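Note that the structure is predicted; figures quoted are calculated from it, not measured. Numbering of residues begins at 1 and proceeds along the displayed sequence. In listed order, ligands and their atoms are each counted from 1.
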Amino acid sequence: PIYEPGLDSLMVDHRERLSYTLSLDQMLGRSDVVFIAVDTPPTYSGDADLSRVMTVLDELEATGADSRHILVMKSTVPVGTGERVRAELEARGLGNVGYASNPEFLKEGAAIEDFLDPDRVVIGDFAPEHGDAVEALYAPLEARIVRTTVPSAEMVKYASNAFLATKISFINEIANVCEEVGADVSVVAEGMGLDQRIGPAFLRAGVGFGGSCFPKDVTALKQLAGNSGYHFQLLTSVIEVNELQKRRVVNKLKKHLDTLEGRRVALLGLAFKPGTDDMREASSLVLAARLLAEGTRVVAFDPVVTNAGDLVHGIESADSVEAAVAGADAAVLVTEWKSIVDSQWGSLVDTMATPVLIDGRNALDPDEMAAHGYTYEGVGRTSP
Ligand code: UGA
């Protein structure tokens, strides 16, 4: 099971229209449009692993899909995959099966509203009737539809994620410079974002981006370019900046605590962002591993992730913010869950051994925290 706000009630409300099966045969008998939504994790080389996609084709061959069926690729796949799938279908005698690319743009934690109110729906096809069938499915959403070729649709997905990741690494570097020159990145981002050409979204500085998509897709696009002989220099920097950003908290802690060995540090929030229990590429994992390597005792709390110790050996789990923070030499806000941000900071401060508070998401008010007695440090803001 996954944690996604609103999904459980939606599934209950529509249970009569949902059916589940492990039999592809049975499913093909009842479907025209078949969405492929398997994962495409990175391989050791940074390329996307397409083995699950290929397994679907093997199974379609075994069950005998036909001209009634249109395969729709929802999985994030490298540019060129559609053409490869087309060729594989032909080779398997399934040349009459339709194909369309329909990349996914929803965000975890906001998946339902992103689906129901999308900025755009992108559909790439080899033959217009296949794209028409997919477009008809989306008609009730009255969304902006972009019709194009399969390779362009595939590229829209990678380019969008890579650009959003670039925005984050950019603002994180601006934040790091702000710390040096005494500027406040939150105000800088607000001032920048009002320029319509820049826009306010994805300009929140923090402890780096994580999740199952940005790290994987940025690397896959860089790899895809490299495979065709093009060195995508900008993306190399986007990735490197992100890796360094995750580690900057360690130096901030060292500055306040002198040594980290034997200290107790509370990590508040573990998931790669609020609203999900997804720990893939979460910044908290890198941070925890670095602290443990320094000989620090790491006590973590997250409202939905409770198995941190299984992911990084040595992390202790607390069942509340209070329990994580009690006796700690420092607390780090890693994921801006509302329940964590709304904690009783005024009373927590007295339970800490030393009241050092590193706000990795700029989610707290610096002056208010200073008034409570914390030694507060955010990202790209001057400390009060
Ligand atoms: C991302 C994209 O936003 C979706 O459009 C896309 O469909 C999805 O990947 C995917 O390819 O499947 P997601 O990974 O769920 O969605 O999460 P985001 O909300 O984009 O956040 C990604 C990471 O960036 C998080 O760690 C978040 O904390 C970080 N972030 C985001 C920032 O550090 N600053 C920001 O301003 C925004």
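- Where the criterion is an N or O separation shorter than 3.5 Å, residue side chain and backbone included, T76 fails it with respect to ligand 1.
- Ion pairing between a basic and an acidic side chain is recognised when a charged N comes within 4.0 Å of a carboxylate O; K273 and E108 show no such pairing.
- An N or O contact shorter than 3.5 Å links L106 to ligand 1 by distance.
- Inclusion of L164 in the set of residues having an N or O under 3.5 Å from an N or O of ligand 1 is not warranted.
- Cation-pi check for R120 over F105 is met; the charged atom lies under 6.0 angstrom from the ring centroid and within 45 degrees of its normal.
- Taking a 4.0 Å cut-off on heavy atoms, E336 fails to register as neighbouring ligand 1.
- What sits closest to atom 3 (O) of ligand 1 on the protein, heavy atoms only, is K107 CG, 3.5 Å.
- Distances between N or O atoms of K273 and those of ligand 1 include at least one value under 3.5 Å.
- Between S212 and ligand 1, not a single N/O pair is under 3.5 Å apart.
- Using a cut-off of 4.0 Å between Lys/Arg side-chain N and Asp/Glu carboxylate O, D329 and R297 are scored as not salt-bridged.
- Close to ligand 1: C213, with a non-hydrogen atom less than 4.0 angstrom away.
- When non-hydrogen atoms are compared, ligand 1 lies under 4.0 Å from the side chain of R361 (C-beta onward) but not from its backbone.
- Scanning all protein heavy atoms for the shortest distance to atom 34 (N) of ligand 1 gives R204 O, 2.9 Å.
- E294 has a carboxylate O that lies under 4.0 Å from a charged side-chain N of K254, or vice versa, which qualifies the two as a salt bridge.
- With a 4.0 Å cut-off on non-hydrogen atoms, L203 touches ligand 1 through its backbone and not its side chain.
- Considering backbone and side-chain N/O atoms, F214 never comes within less than 3.5 Å of an N/O atom of ligand 1.
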